Amino acid sequence: REPDLEAVFQATIDADQRIEPRDWMPDDYRRTLIRQIAQHAHSEIIGMQPEGNWITRAPSLRRKAILLAKVQDEAGHGMYLYAAAETLGVDREELTEKLISATQKYSSIFNYPTPSYADVGVIGWLVDGAAICNQVPLCRCSYGPYARAMVRICKEESFHQRQGYELLLAMVNGTPEQQAMVQESVDRWWWPSLMMFGPADGDSPNTQQSMAWNIKRHTNDELRQRFVDMSVPQAEALGVTLPDPDLRWNPERQAHDFGEPDWSEFTAVIAGSGPANTQRLAHRRRAHENGAWVREAAQAYAEKHS
Ligand code: FAQ
């Protein structure tokens, strides 16, 4: 029976249709999806921390309400994504253990600190902007539950991106000090944002197979290019400079040429030695331990009613 099942799977992929949880799928397809969805879920959960840093210090009630709502959305995204991963036969408890023991990755971008309030705006503009660029094609991913989760997440991400841009517009129209804060923050976040798309195509071991399975729809470099092209006019409108001396329009390619990210920094950050890795994981571990009583109570309640 196995070859038949494999042929059905391949025909579904070839017809650009969706694989659903009860369908047969190759073990490697399942493993790849668990890896990517779990990493994505962990990123949303860890991604609450950099901006969460500013909730108690937002400059007005309005800004605080917006930021609280955004960070809550990120928790929600983490939940939909853990739920999507669970349809592949893993459970959230197991994935959380892997996150806090650092055996599964989360996005490199959340290992950078947020020392300035302008970072809240720049994360919305660049980090959510990069996330949208990467995630819109995932709405057409071949695995149904992941693709459907992405539709809702992308709608919320585009709202997040606009709130960041709106905050930056307010700051660049403010005092010279506020303008300088925005530029300083852009200088720190630009290169790490480009690294969110993953290694260059030649160094990306997973891209080829993930594209053959219609999990990924574009390569890392294609999406990085799209992000650069999208960001340049937005930076101009804000009146900020992107910190790349090699960035220029190439009329032949009808795209921007740009410099090479520092891949040794990227490797160090995903290996655990970025500026805030230790702090991020310690915080998550502490939150998990502090929540133990809730899990125990829920368990006791479930047992009583079973
Ligand atoms: N950070 O062969 P590839 C957000 C790993 S957005 C850390 O190219 P792949 C929203 C990769 O896992 C951020 N690790 O891998 C938000 C692999 O390692 P492994 C999350 C990275 O999977 C905004 C190895 O390098 N978004 O959270 C990174 O084909 C604001 C080789 O790489 C997603 O996860 C990286 N940047 O392509 C929340 C999107 N890049 O697993 C709060 C879904 C690569 O073999 C605030 N994921 N690696 O040990 C994807 O699209 C893909 O997984 C890529 C990587 C494109 C990230």
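First listed ligand is number 1; within each ligand, the first listed atom is number 1. One-based numbering along the sequence shown. Fair warning: this is a prediction, and the values are worked out from it, not measured in the lab.
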- Query: Do R35 and ligand 1 have an N or O pair less than 3.5 Å apart?
  - Reply: yes
- Residue, atom and distance of the protein heavy atom nearest atom 23 (C) of ligand 1 read D128 OD1, 3.4 Å
- Top protein contact for atom 17 (C) of ligand 1, by heavy-atom distance: N206 ND2, 3.8 Å
- Query: Does the protein place any heavy atom closer than 4.0 Å to atom 28 (C) of ligand 1?
  - Reply: yes
- Please examine the side chains of W249 and Q254, heavy atoms only from C-beta on, and report whether any two atoms are closer than 4.5 Å. yes
- With a cut-off of 4.0 Å, which atoms of ligand 1 are near a heavy atom of S43? 13 (C), 20 (C), 27 (O)
- Query: Is M195 close to ligand 1, meaning an N/O of one under 3.5 Å from an N/O of the other?
  - Reply: yes
- For E157, the atoms of ligand 1 under 4.0 Å from one of its heavy atoms are 10 (C)
- Query: Near F159 CZ, under 6.0 Å, is it more than 12 heavy atoms from other residues, nucleotides or ligands?
  - Reply: no
- Mark up the atoms of ligand 1 that fall under 4.0 Å of a heavy atom belonging to F197, in ascending order. 56 (C)
- Query: Judged by modelled atom types alone, do W189 and D119 share a side-chain donor-acceptor pair under 3.5 Å?
  - Reply: yes
- Tell me: protein heavy atom nearest atom 3 (P) of ligand 1, and distance? S204 OG, 3.4 Å
- Do any nitrogen or oxygen atoms of E74 lie less than 3.5 angstrom from nitrogen or oxygen atoms of ligand 1? no
- Task: For ligand 1, indicate whether the residue N134 contacts it via side chain, backbone, both or neither (heavy-atom separation under 4.0 Å).
- Result: side chain
- Which of the listed options, P199, G164, P192, holds the heavy atom that is closest to atom 32 (O) of ligand 1? P199
- Heavy atoms, side chains only, cut-off 4.5 Å: are W24 and D4 in contact? no
- Query: Is H42 close to R284 at the side-chain level, that is, under 4.5 Å between some pair of heavy atoms?
  - Reply: no
- Task: Side-chain contact test, heavy atoms from C-beta onward, threshold under 4.5 Å: evaluate it for Q135 versus I153 and give yes or no.
- Result: yes
- Query: What part of N220, side chain from CB on, backbone N/CA/C/O, both or neither, has a heavy atom under 4.0 Å from ligand 1?
  - Reply: side chain
- Query: Would one find an N or O of K105, backbone or side chain, under 3.5 Å from an N or O of ligand 1?
  - Reply: yes
- Distance from atom 36 (N) of ligand 1 to nearest protein heavy atom, with residue and atom: S108 OG, 3.1 Å
- Message: Using a 4.0 Å cut-off to any heavy atom of V127, which atoms of ligand 1 qualify?
- Response: 23 (C), 30 (C)
- Message: Quick check for you: to the nearest 0.5 Å, what is the distance between M196 atom CE and N220 atom CG?
- Response: 12.0 Å
- How far apart are the C-alpha atoms of Q49 and N53, what are their side-chain angles, what is the distance that settles it, and do they pass the side chain to side chain donor-acceptor pair (under 3.5 Å) test? CA-CA 6 Å; Q49 293 182 41; N53 187 33; over 6 Å; no
- Message: Taking 4.0 angstrom as the limit and counting only heavy atoms of G198, give me the atoms of ligand 1 inside it, by number and element.
- Response: 40 (N), 44 (C)
- Item | Heavy-atom nearest neighbour in the protein, as seen from atom 7 (C) of ligand 1, with distance rounded to 0.1 Å | I270 CG2, 3.2 Å
- Message: For the residue pair Y112 / R188, report whether a side-chain donor-acceptor contact shorter than 3.5 Å exists.
- Response: no
- Message: Could you check whether W190 and F227 have their ring centres less than 6.0 Å apart?
- Response: yes
- Please answer whether the main-chain N or O of G259 pairs with a side-chain N or O of D244 as donor and acceptor at a distance below 3.5 Å. yes
- Task: Note the single closest protein heavy atom to atom 48 (N) of ligand 1, along with its residue, its atom name and the distance in Å.
- Result: F266 CZ, 4.2 Å
- Does the side chain to side chain donor-acceptor pair (under 3.5 Å) test come out yes or no for Q299 and E303, once each step is laid out? CA-CA 6 Å; Q299 189 66 36; E303 275 159 19; 3.2 Å; yes
- Query: Which of the atoms of ligand 1 are close to E51, meaning less than 4.0 Å from one of its heavy atoms?
  - Reply: 46 (C)
- Message: Need the ligand 1 atom indices (1-based, order shown) with element for anything under 4.0 Å from a heavy-atom of Y106.
- Response: 1 (N), 7 (C)
- Flag Y146 as yes when one of its N or O atoms lies below 3.5 Å from any N or O atom of ligand 1, and as no otherwise. no
- Query: Does T219 offer a backbone N or O that forms a donor-acceptor pair with the side chain of T207 under 3.5 Å?
  - Reply: no
- Item | Donor on one side chain, acceptor on other, Q225 and D221, under 3.5 Å | no
- Query: Quick one: nearest non-hydrogen protein atom to atom 13 (C) of ligand 1, plus distance?
  - Reply: S107 CB, 3.6 Å
- Query: Atoms of ligand 1 less than 4.0 Å from Q135 heavy atoms?
  - Reply: 6 (S), 26 (N)
- Identify the protein heavy atom lying closest to atom 12 (O) of ligand 1, giving its residue, its atom name and the separation to 0.1 Å. Q39 OE1, 2.6 Å
- Atom CD of Q39 and atom CG of L99: how far apart are they, to the nearest 0.5 Å? 11.0 Å
- Is the shortest N/O to N/O distance between K216 and ligand 1 below 3.5 Å? yes
